[in-house]
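Report on the structure given below.
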There are 2 protein chains.
Amino acid sequence: MTNETTRDGVKDGATQSAVETAYHRIRHLILTGEMRSGDKLLENQLAAAIGVSRTPIREALNRLNAEGLVVLERYRRGIVADFSLDDAIEIFRLRAILEGHATSRAASRISEADLQRLQELERVMETQFEELGWNEHLEGFDKLNAEFHAVIAAAAESPRLEKILASSLELPASIFNRYSEPVEVRTRRTHAQHREILAALRARNPEWAQAAMNAHLFSLLPTASGSLEHEDGAK
Amino acid sequence: MTNETTRDGVKDGATQSAVETAYHRIRHLILTGEMRSGDKLLENQLAAAIGVSRTPIREALNRLNAEGLVVLERYRRGIVADFSLDDAIEIFRLRAILEGHATSRAASRISEADLQRLQELERVMETQFEELGWNEHLEGFDKLNAEFHAVIAAAAESPRLEKILASSLELPASIFNRYSEPVEVRTRRTHAQHREILAALRARNPEWAQAAMNAHLFSLLPTASGSLEHEDGAK
DNA sequence: GAGGAAATATTTGTATACCTTTCTAGCGGA
DNA sequence: TCCGCTAGAAAGGTATACAAATATTTCCTC
């Protein structure tokens, strides 16, 4: 039940390739906010930092470029992509459409094991929230929440849909936190919504499941004019 | 509008990079059916054929792998992806969802120039069909039809949506023709549907436009059991 | 002739060298 | 001071060399 990434599970020795290493390292830098929008991505510098040559670095940057996380132009140095409010809105709208569809399909396909996994994930998220409070639970929450959504996407049994959700519609957590409602407002509602999605999946009710997922995502969707007064004046 | 295909144009304009050349050449080989599912993609062989080194070939193959057109496994030679009937159904379903959404957005955003471009494209398609007949018009049709859909996708003004439609949900024409209804059945209906989509866009009616696009795409969607009896016996 | 292990040939993965283009610091003139 | 220009430096693009792994052939045993 606690298997994280060992799909085949035979041997985890598997010596990750240099481009896999580079890809995950750079992606992590961006998604966690260690590198911010506009930061320069110099191939030599990254190669030295990660300990491989420029070749795998270039391959990793190209993948991240295709996913929209970095911007590459010929002969120009790559930079971390900038996400405007409009970008965030667009991503959430597309996520809602595609993840709603995925949830609908998942409702009639998901296995009992996956349902239990979802319940366990949500239980841990809520426990950590109660124990650690609003801010300290965030790091663990992001990871667990990502798996919660990934399990549902996988249960839809549509490999291209799963891939699009995992690769093309990612948003750095820092950007998300910048544009969305503050964590105090959305945390309790998120947990209630997760429980409702789980209930709809258990009931194997595609329409309900889709609607619940849509409600969840649209509730997080930032709006251009209305809901940003809470932004702190500093910065 | 965009003057693509500037092969060695008279203008000094932007000599295409080696990876762009390789990417388009290989992609064309696959989409037109010159290379079929399962065919081996040897880097050295492609490099020699296209006249560049392995480096840009590898970059092109990686892009095509991300788009789902080729399958790469570490240390194994790449092969042209295989598209099953289920794959074709999945792609058309996702296209319908996303392109329907794009058409809805386009209805309230599309420019007069783009509307005229769509009308012109449809006019040429119908003219060529009348003049060349069912089979001979196909090559030209595929290109014009692709632009018809691309203009609408661009008019939606959602760059990620446009990119997903252009890159992640492509299907080789040969595969499409294998699984879909024969050209004699679908050609006239396709033109009627294009006219309806155009009318809905002109009327700036998002719901109508989305529904018309969905009808168009779902009418092309192959079904697992019902609609393939027309397949000629020679299998 | 079949099966399988070792030897050989191919093929991909990575590092490095070299070329082309962009970036930047410094200079000179208005 | 502010442009504009121009080398020199820096960075990305491509070709090539070499290492690691796979694919194929050879050859032995039965």
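First the proteins, then the strands, lettered A, B, ... as listed; each starts at 1.
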Start with the C-alpha gap between A:Leu31 and A:Leu69, add the side-chain angles, then the distance that decides, and say whether side chain to side chain contact (heavy atoms under 4.5 Å, CB included) holds. CA-CA 9 Å; A:Leu31 289 182; A:Leu69 253 43; 4.0 Å; yes
Rounded to whole Å, please give me the gap between CD in A:Glu73 and P in D:dA11. 17 Å
Quick one: is A:Ser53 getting a side-chain N or O under 4.0 Å of the C:dA15 phosphate, OP1 or OP2? yes
Spacing of B:Gln16 atom CD relative to D:dT14 atom P, expressed in whole Å: 11 Å
Parallel, tilted or perpendicular: ring planes of A:His194 versus A:His149, cut at 30 and 60 degrees: perpendicular
A:Ile50 atom CD1 is separated from C:dA15 atom P, nearest whole Å, by 11 Å
In plain terms, say whether B:Glu43 and B:Arg77 are close enough for a salt bridge, that is, a side-chain N and a carboxylate O under 4.0 Å apart. no
Find the distance A:Glu20:CD to C:dG13:C1' and express it as a whole number of Å. 13 Å
Whole angstroms only, please: what is the CG-C1' distance between B:Asn44 and D:dA17? 13 Å
Check nucleotides 18-21 of chain C for protein N or O atoms closer than 3.5 Å to its own N or O atoms and list the pairs.
none

On DNA chain D, compare the nucleotides closest to A:Gly78 and B:Val52; which residue's is nearer the 5' end? A:Gly78
Mind listing the closest non-hydrogen atom pair of B:Thr15 and A:Arg74 along with its distance? O-NH2, 2.6 Å
Please tell me whether B:Tyr179 and B:Phe83 form a close aromatic pair, meaning their ring centres lie under 6.0 Å apart. no
Take B:Phe176 and B:Phe92, measure what ring-ring contact (aromatic ring centres under 6.0 Å, His included) needs, and give me the verdict at the end. CA-CA 10 Å; B:Phe176 172 65; B:Phe92 265 79; 5.5 Å; yes
Under 4.0 Å, counting only non-hydrogen atoms across every strand here, what does A:Leu61 touch: a base, just sugar-phosphate, or nothing? nothing
Base, sugar-phosphate alone, or nothing: which one does B:Ile57 contact when heavy atoms must sit under 4.0 Å apart? nothing
With distance as the sole criterion, is a donor-acceptor pair present between the side chains of B:Ser158 and A:Glu90 under 3.5 Å? yes
If you look at every strand shown and take non-hydrogen atoms under 4.0 Å, does A:Leu72 touch a base, only sugar-phosphate, or nothing? nothing
Just the rounded figure in Å: distance from C1' of D:dC18 to CD of B:Glu43. 15 Å
From CG of A:Leu41 over to P of D:dG12, roughly how many Å is that when rounded to an integer? 9 Å
d(CZ, B:Arg76; P, D:dT24) in whole Å: 11 Å
Between A:Arg77 and C:dT24, is there a contact of a side-chain N or O with OP1 or OP2 at under 4.0 Å? yes
